[in-house]
Each structure stands twice: as structure tokens, then as C-alpha cells.
Amino acid sequence: MALPRNLQDTFSLQEVQFLVENEPIKIMPRITTKPIRRKAASTPSAGSSVRWKLITTDDHNVNNMVAMSSTEVSLWLALLLKQQGKCSIVAPAWLTIKQLDSFIEFELQNTSRFANLPWNWLIIAHLLFQKAADDFRDPVHILRAKIQDLREARLGKIAKGLQHLNESHLQLDNLSLSEINEMRPFAVGVMDKLRDIHAAAADREQYANNI
Amino acid sequence: MDINIDDILADLDRDTTAVGSTPAPAGDDTTRLDDSAATVAADYSTLVTHWCNERVAPELLPYPHTLMARVLARLAAQIEHLETLSTGVLEQTLDRSAKLPLLCMEAELERLKFVVRSLLRCRLGKIDRFGLYLRQLDARSPGALQTLLSAQERVYYERHSAILLKLFNNAILRHMPAEMQAVDDTEGSVSMIDEPEWARFVFLYVREPAPDAPDPLLAVDDHGQPCYSVNIPELGEVVDLAVGGIYIMRYNVIKDLLMDGKVVLI
């Protein structure tokens with residue numbers, strides 16, 4: 001098979017992370033890539049540096065980085081620059097103790113709805129904790145615990161929501177991509193079965209009516 | 001606090017460049033870069049969406065001919081660009097700052113290659129699986145495969161099914177009675193041709209329509225939300241798909257919306 005069996009009809013965790021890494025994020029560069037025109041003649045070394053030419057995103061931002069003034073780049077690029085010590089990542093606004101607390105409260109109070117977190121919150125949080133832990137203002141171990149609480153509250157609700165699986169459709173607003181990916185095999189399997197049972201029952205009814 | 005000031009500065013910076021570049025192309029290459037970069041980013045995100053759709057959809061989706069041509073051309077150009085750059089860097093042994101863009105550009109190249117490769121592998125897998133179905137499709141409406149497959153995929157499909165059929169013939173079929181030699185018999189109680197599982201459940205996200213082009217299909221549901229109404233014929237049910245919502249639905253119900261790009265599969 002051209003595509004391994006375990007990748008058919010679903011995504012691997014690495015692929016979900018790959019998708020998330022395409023999202024933009026704010027960084028504080030520690031380097032300057034913006035060409036300085038008036039000094040170009042006097043400092044030839046700066047003028048001869050390589051220009052960035054990107055083929056998947058807008059390269060305007062990376063070509064105009066000025067040290068210590070924030071700009072926005074793709075997450076994968078931010079993580080790469082961070083790894084090289086060329087920037088620090090500005091944590092997203094929702095990834096603070098205060099915001100997470102209010103999300104957790106929402107999750108606990110509403111049993112049938114999910115808080116309006118970004119669609120990639122879990123992966124973003126894990127990636128940033130892992131690779132840019134020193135860029136947070138709040139202590140990372142507390143943030144990590146909050147994320148875990150949030151995840152558990154939502155997991156409980158997802159598990160409870162599975163009883164609503166039916167043969168028609170289901171609405172799952174505000175569920176993140178990684179959570180969808182987790183429940184996909186089970187939910188799709190059950191709903192496919194329910195559909196077949198429903199169709200068989202309808203057939204039987206029709207058959208009985210015809211006699 | 002300092003972040004705020006920087007943000008304002010950045011905004012100012014952006015504004016001035018925008019103003020400077022719109023009336024007359026003041027910067028020698030900045031406007032040109034901007035122009036091509038916008039489509040570059042859009043192409044990439046379309047490609048990624050296409051990849052996701054292809055991975056989740058039960059059937060083979062039409063091949064994005066023009067998009068892939070652009071992406072592949074860019075890929076080839078970038079590989080060449082990087083090669084000339086890296087030989088230049090090696091010769092001059094430039095300072096370490098020159099290596100950083102190179103590193104990032106190489107990483108990006110690999111990312112784009114991965115998407116393209118994964119998309120094509122997924123399509124090849126489906127071509128393998130639905131070989132007979134594609135043949136039936138081709139017989140029923142000639143020319144359908146031209147849009148569905150790329151030229152290379154068509155060559156692969158033809159040779160793959162020829163080899164497979166030869167194997168079947170040599171191994172089993174020629175030892176069977178003549179009336180049982182068919183591999184694509186649809187007359188009996190069960191069709192021998194594997195069709196895609198049309199009613200498979202898929203996860204989908206309802207996209208917001210472009211603000212400048214209001215969609216005539218959009219209706220308003222009971223809560224005053226814009227939505228698309230779809231009909232599930234098997235159940236005689238009408239379901240409202242609210243914009244921005246995530247649903248699990250049967251594939252055949254939302255197929256038309258998917259082809260129009262109004263929903264994406266996730």
C-alpha cells in the first residue's frame with residue numbers, strides 16, 4: 001500500500017503537529033534582517049548576507065526583522081529560530097494562568113458545551129512548554145498543570161458525549177484538532193455501524209409492509 | 001509594557017511601507033516580493049487543505065492540476081536557488097549569520113516536500129484500491145479521468161491495473177470456467193467493483209464564506225446564525241450546518257459542499 005494502513009482515514013499525532021506548526025505566532029527577534037540602505041555602502045558584510053526566500057509563507061516579515069521589535073512568523077520558523085537562540089516567542093494571550101483558570105471554570109460549569117479555545121491549544125501548549133519554556137512570564141509548571149486540568153475536564157465531557165453518537169450527525173463545536181483526531185476512529189466506527197443497523201431496520205420494515 | 005510600544009512601532013512601520021508601495025513601486029524588489037508572496041502563502045494553505053481533504057475523504061478527489069504545477073515549479077526553483085546559495089556560502093565561508101536563512105529555507109523545503117509527498121502517496125493508495133471503479137468510471141464517462149488524475153497518475157493507474165489483471169489471469173482466472181472469469185461483474189447480488197464508501201462518516205468544519213462574495217446557498221437557522229441546509233435522504237432529515245461549526249456527517253451528504261470548498265474535512 002502506498003500509504004501505511006495506520007495513516008489511512010486519520011492523521012498521526014506528528015501530522016497534526018505539522019498542521020499546527022503552519023500557524024502564525026508572535027516573536028521577538030534577536031537579530032536584524034531588515035536591509036539598512038543608507039549604511040549599505042559602508043558595511044559591505046551586512047549587505048552581502050543572504051536574503052530569505054520562502055516558498056510557503058509570506059517572506060516579508062522575516063526579511064524585515066528588527067531586533068527586539070515584535071513580528072509574526074509561522075510557528076515552525078519561530079521554533080527553529082528559538083532553537084538557534086535568535087528569538088524569543090511571545091506566548092499567546094490565552095496561555096496565561098488567569099485565562100486558563102477562566103477556561104477551566106467554563107468547562108466545569110457547562111456540561112454540554114466546550115470552551116472557545118483555539119483549535120490547536122493542546123499542541124501549541126505542549127510545543128511551547130517543550131521548546132520555549134523560558135519565554136513564559138508565568139511559572140511553566142503551573143501552566144502545565146492547568147493545561148492538564150483543562151484537558152481532563154474536556155476528556156471527561158468527550159467521553160460523556162459519546163452516548164449521543166447516532167446514525168444521523170453530531171455537532172462538536174470548539175473541539176480541537178488533536179481531540180478530534182483522538183476520538184475519530186471510535187466515533188466514526190460506531191456511527192458507521194449505527195447507520196448500517198438503521199438501514200437494515202428500515203429495509204426490514206419496508207419488507208414487512210410489502211407482505 | 002515594552003511590547004506594546006514595539007507593537008505600535010511595528011504597526012507604524014507596516015503602515016508606512018504599505019503607503020509607500022501602493023502608489024508607486026518605490027522599493028526595488030519589495031513590492032514584487034510582496035505580490036508573489038501573497039499567492040505563495042495562499043497556495044500553500046490551499047495545498048494543505050487539499051491534503052487534509054484527500055486524507056479523510058473516502059473517494060479519490062480531483063487532482064488540483066494548476067495548483068500542483070505552481071507548487072512543483074516553485075519547489076524546483078527553490079532547490080536550485082538553495083544549491084547555488086550553499087555553494088556560494090561554502091566558497092566564501094561567510095559569517096555564521098548567512099547560514100541561518102539557509103537552514104530555515106532548507107527546513108521549509110522539507111516541509112513542503114512532505115505535504116506533496118504525503119498527498120501523492122495517499123492518492124496512489126486510493127488509485128490502487130479503486131482501480132476497477134476508476135475503470136468503470138472511465139467507461140461510463142470518457143474524459144473523467146483526465147480531471148481526476150494527473151498525467152503521471154494516469155500512467156501509473158493504467159500500468160498498475162494491467163499488471164494486476166495479468167497476475168489474476170495467470171494465477172487463477174484462466175483455470176476457471178469461462179463464465180466465471182470476469183473481475184468486474186455487477187450483475188449478481190453483490191457488485192464485484194469496490195466503490196468508495198459514500199456514506200462514511202467524516203469530520204468537517206464549515207468555512208466562513210468570503211466577505212465580498214455572499215453565498216446564495218447560505219440560509220439563517222433558528223438562532224439567527226448563517227448556515228448551510230443539507231438533506232440526509234436516507235433518514236428524511238434536514239440538518240443546518242452553522243458557519244464555523246464542526247460536525248460529523250455522512251460523506252455523500254456534504255460532498256457537493258466539499259467540492260465547492262464551503263466545508264473542509266478534518
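Just so it is clear: chains get the letters A, B, ... in the order the sequence lines come, proteins before strands, and each one is counted from 1. Predicted model only: the values in this text are computed from it and were never measured.
We find that A/R195 and B/E234 are not joined by a salt bridge, their nearest charged nitrogen and carboxylate oxygen being 4.0 Å or further apart.
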Criterion side-chain contact (heavy atoms from CB on, under 4.5 Å) on B/S118 and A/E15, from CA distance to verdict: CA-CA 10 Å; B/S118 183; A/E15 284 169 329; 4.1 Å; yes

Go through it in stages, so that I can follow the logic: the residues are A/L81 and B/L100, the test is side-chain contact (heavy atoms from CB on, under 4.5 Å), and I'd like the CA-CA distance, side-chain angles, deciding distance and then a yes or no. CA-CA 8 Å; A/L81 288 176; B/L100 185 69; 3.7 Å; yes

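Comparing A/T56, A/L19, A/D173 by heavy-atom pairs within less than 4.5 Å of chain B, the highest count is held by A/T56. Listed options B/A199, B/P58, B/A107, B/C122 were ranked by heavy-atom pairs under 4.5 angstrom with chain A; first place goes to B/A199. Chosen from A/V188, A/D192, A/T10, the residue pairing most often with chain B at heavy-atom distances under 4.5 Å is A/D192. In terms of heavy-atom pairs under 4.5 Å with chain A, the best-connected choice from B/I246, B/L265, B/V71 is B/I246.
One finds the CG atom of A/N166 at 8.5 Å from the CD1 atom of B/I248 (value rounded to the nearest 0.5 Å). In this structure, the separation between CG on A/L165 and CZ on B/F201 is 9.5 Å, given to the nearest 0.5 Å. Residue B/S45 holds its OG atom at 9.0 Å from CG of A/N22, rounded to the nearest 0.5 Å. Within the model, atoms CE of B/M105 and NZ of A/K53 stand 7.0 Å from one another, a figure rounded to the nearest 0.5 Å. One finds the CZ atom of B/R200 at 12.0 Å from the CE atom of A/M191 (value rounded to the nearest 0.5 Å). Atoms CD and CD1, from B/Q78 and A/I55 in turn, are 4.5 Å apart once rounded to the nearest 0.5 Å.
Within the 3.5 Å criterion, the main-chain N or O of B/I266 finds a donor-acceptor partner in the side chain of A/R184. Here the side chain of B/R111 pairs a donor or acceptor atom with the backbone of A/F18 at under 3.5 angstrom. Side chain of B/E108 to main chain of A/W76: no donor-acceptor pair is present (N/O by atom type, distance under 3.5 Å, no hydrogens or angles).
With a 4.5 Å cut-off on non-hydrogen atoms, B/L235 touches chain A through its side chain but not through its backbone. At a 4.5 Å heavy-atom cutoff, A/S74 makes no contact with chain B through either its backbone or its side chain. Looking at B/L124, both its backbone and its side chain come within 4.5 Å of chain A, counting heavy atoms on both sides. For A/L170, the parts lying under 4.5 angstrom from a heavy atom of chain B are both the backbone and the side chain. Looking at B/E197, the atoms closer than 4.5 Å to chain A (heavy atoms on both sides) all sit in the side chain, from C-beta outward. A/A199 does not touch chain B: none of its heavy atoms, backbone or side chain, sits under 4.5 Å away. The part of B/F114 that comes within reach of chain A is its side chain, from C-beta onward, which places non-hydrogen atoms under 4.5 angstrom from that chain. Heavy atoms closer than 4.5 Å to chain B are found in the side chain of A/L80, but not in its backbone. Heavy atoms closer than 4.5 Å to chain B are found in both the backbone and the side chain of A/L172.
Of all heavy-atom pairs between B/I232 and A/S168, the closest is CD1-OG, 3.6 Å. The two residues B/R250 and A/E167 have their closest heavy-atom pair at NH2-O, 2.7 Å.
More than 12 heavy atoms of other shown residues, nucleotides or ligands fall within 6.0 angstrom of atom CD in B/E110.
Residues B/F203 and A/N181 have side chains not in contact (no heavy-atom distance under 4.5 Å, counting atoms from C-beta outward).
By the 30° and 60° cut-offs, the orientation of the rings of B/Y247 relative to A/H169 is tilted.
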